[in-house]
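Small disclaimer: the values here were computed from a predicted structure and weren't measured. Proteins get letters first, then strands, A, B, ... in listed order; numbering begins at 1 in each.
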2 protein chains.
Amino acid sequence: MPVSSHIPTPTVERLAAYLGCLREMRDEGRQTVSSQELAQRAGSNSAQVRKDLSHLGQIGTPGVGYQVSALHDRLARALGLAEGHKVLLVGVGSLGRALSLYRGFRQEGFTIAALFDNDPQKIGKRVGGLEVRPLAELQSVNRDLRASIGVIAVPAEQAQSVAEALVAAGVKGILNFAPVRLRLPEHISVRAVDLTRELAVLSYNLTGAGR
Amino acid sequence: MPVSSHIPTPTVERLAAYLGCLREMRDEGRQTVSSQELAQRAGSNSAQVRKDLSHLGQIGTPGVGYQVSALHDRLARALGLAEGHKVLLVGVGSLGRALSLYRGFRQEGFTIAALFDNDPQKIGKRVGGLEVRPLAELQSVNRDLRASIGVIAVPAEQAQSVAEALVAAGVKGILNFAPVRLRLPEHISVRAVDLTRELAVLSYNLTGAGR
DNA sequence: GTATGTGAATTTCTTCACAGCA
DNA sequence: TGCTGTGAAGAAATTCACATAC
């Protein structure tokens, strides 16, 4: 019913999963899919799928299901993935290099537009077709690029200052791989990928206390 | 009150964050900390911190706070991090290499015990002091090692079969970096790090619909 | 008959607010 | 006075179950 107002984050996360499944199915030539089958592929349940999709308005056909291709496009649009986003990647260590080679970025409509590092050894080198630039140029480079997303792949100690530099350069969303909590203005959206957290959860589950 | 029964996953995730903050504070020589200050560092709130810590039993001192070092150790024990875990890393592409160099593993008590790949070009090479072994040896190698955690850093197409091989080798927890949903027995604990999901959430938040 | 969309019920998670202890 | 631990209240997310549409 709330056709396009706020969608809760857990739902958005699942919508991203559905999008991936739908791409696969479309590439397999599937025409329609039921909430049940989509749920199975994405590791959810049919009621959840229908609830999630209801945030986009009425879009399925009772007795039939959803049009795979149409639903895919509708989802991509709702998630803001349709137009594509430019990304600034800061930190060209081993993780940064791995990220710059990751094809998932392109597949989802993200383009890495520039690489930054402050190691003189790395500046000027080319990684994945892009020249590594000094961190000091972040702001000036992005005056032209107008990238909206920054990815932080630097050591923990530098993460906060890099984050602030990204915000100063006009970035509105940040994906942070450094294991620190960033303190940033409210209006900046931050997602943290923290191996420490993931490993701790696995470890806890192995103790047997988690059922 | 539930001194050591099941701790919900959102709580476990935050406990991991507190643990990191406590390590910092201990290294800074801090003796005690209040729920308020811990909350501030970890990006939570004081009531949440107290509720979370209450899962470990009574452990603080009213009017004073918590003993930094004691709480750190108590947390590490509760999360099962105290004894350390051996980890099998499968996939020595750029991401796998980055992971094998990541010092966060060691810091949390995880030891990468073996590397696997099925690319003949990579087998036999040394990465971070470990020889890359063929995937086929997974089971036999782990008969001795008895590692309980597997990390999957292979392309999406191979992730499911690698996951099954890891389970067959006796692994009980899996950290999956491939953008696919793994179908595994109930008793195996899986955490997925999915860039696609993270980017989609950022993208959605940039649309302005998310407040 | 089959599968959607959605209010209602349920479960889970978070925040409040305060009694009790140092 | 200062801060913990925790029941109670509140908010959020998930699941149920069914009216409705094909």
Presence of A:R14 side-chain N/O under 4.0 Å of D:dT14 phosphate oxygens OP1/OP2: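 Yes, within the criterion.
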N or O in side chain of B:Q58 less than 4.0 angstrom from D:dT6 OP1/OP2: yes
From OG1 (B:T9) to CZ (B:R14), nearest 0.5 Å: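 Answer for the OG1-CZ pair, B:T9 versus B:R14, is 10.5 Å.
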Reported OG1-to-CD distance for the pair A:T11 and A:Q48, which is rounded to 0.5 angstrom: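 Taking OG1 in A:T11 and CD in A:Q48, the distance rounds to 6.5 Å.
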Axis-to-axis angle between the two ends of the helix from C:dG1-D:dC22 to C:dA22-D:dT1 (five base pairs per end, rounded to 10 degrees): 0°
Taking every non-hydrogen atom, the tightest pair across B:S148 and A:L206: OG-CD1, 3.6 Å
Distance-only side-chain donor-acceptor flag, B:Q40 / B:Q36, under 3.5 Å: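 No pair is found: no donor N or O on one side chain lies under 3.5 Å from an acceptor on the other.
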Pairwise side-chain contact, A:V162 with A:L166, heavy-atom cut-off 4.5 Å (strictly under):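 Yes. Closest side-chain heavy atoms under 4.5 Å.
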Minimum side-chain heavy-atom gap B:E164-B:Q160 below 4.5 Å: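 When only atoms from C-beta onward are counted, B:Q160 and B:E164 do touch, with a gap below 4.5 Å.
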Roughly, in whole Å, what's the span from [atom1] in [X] to [atom2] in [N]?
X     : N      : atom1 : atom2 : value
B:E37 : D:dG2  : CD    : C1'   : 15 Å
A:R74 : C:dT4  : CZ    : P     : 17 Å
B:Q67 : C:dA22 : CD    : C1'   : 13 Å
A:Q36 : C:dG1  : CD    : C1'   : 15 Å
B:L38 : D:dG5  : CG    : P     : 12 Å
B:I59 : C:dC21 : CD1   : C1'   : 17 Å
B:H55 : C:dT12 : NE2   : P     : 13 Å
B:E13 : C:dT14 : CD    : C1'   : 15 Å

Residue whose nearest DNA chain D nucleotide is more 5′ - B:Y66 or A:T9: B:Y66
Identify whether any heavy atom of [X] sits under 4.0 Å from a base atom; if not, whether one sits that close to sugar-phosphate; answer base, sugar-phosphate or nothing.
X     : result
A:S46 : nothing
A:L53 : nothing
B:T11 : nothing

Listed nucleotide nearest any side-chain atom of B:S34, set D:dG5, D:dC3, C:dT6: D:dC3
From CA spacing to verdict: side chain to side chain donor-acceptor pair (under 3.5 Å), A:H85, B:S203: CA-CA 8 Å; A:H85 293 283; B:S203 173; 2.9 Å; yes
Steps toward side chain to side chain donor-acceptor pair (under 3.5 Å) verdict (B:R97, A:S94): CA-CA 7 Å; B:R97 261 192 297 271; A:S94 55; over 6 Å; no
Pair A:R26-A:S69, side chain to side chain donor-acceptor pair (under 3.5 Å): steps then yes or no: CA-CA 6 Å; A:R26 194 191 50 188; A:S69 179; 5.1 Å; no
Per-nucleotide protein contact string for nucleotides 15-22 of chain D, where B marks a base within reach and S marks sugar-phosphate only (heavy atoms under 4.0 Å, - for neither): BBB---BS
Aromatic ring pairing A:Y204/B:H6, orientation class (parallel under 30°, perpendicular over 60°, tilted between):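 The rings of A:Y204 and B:H6 sit tilted, inter-plane angle from 30° to 60°.
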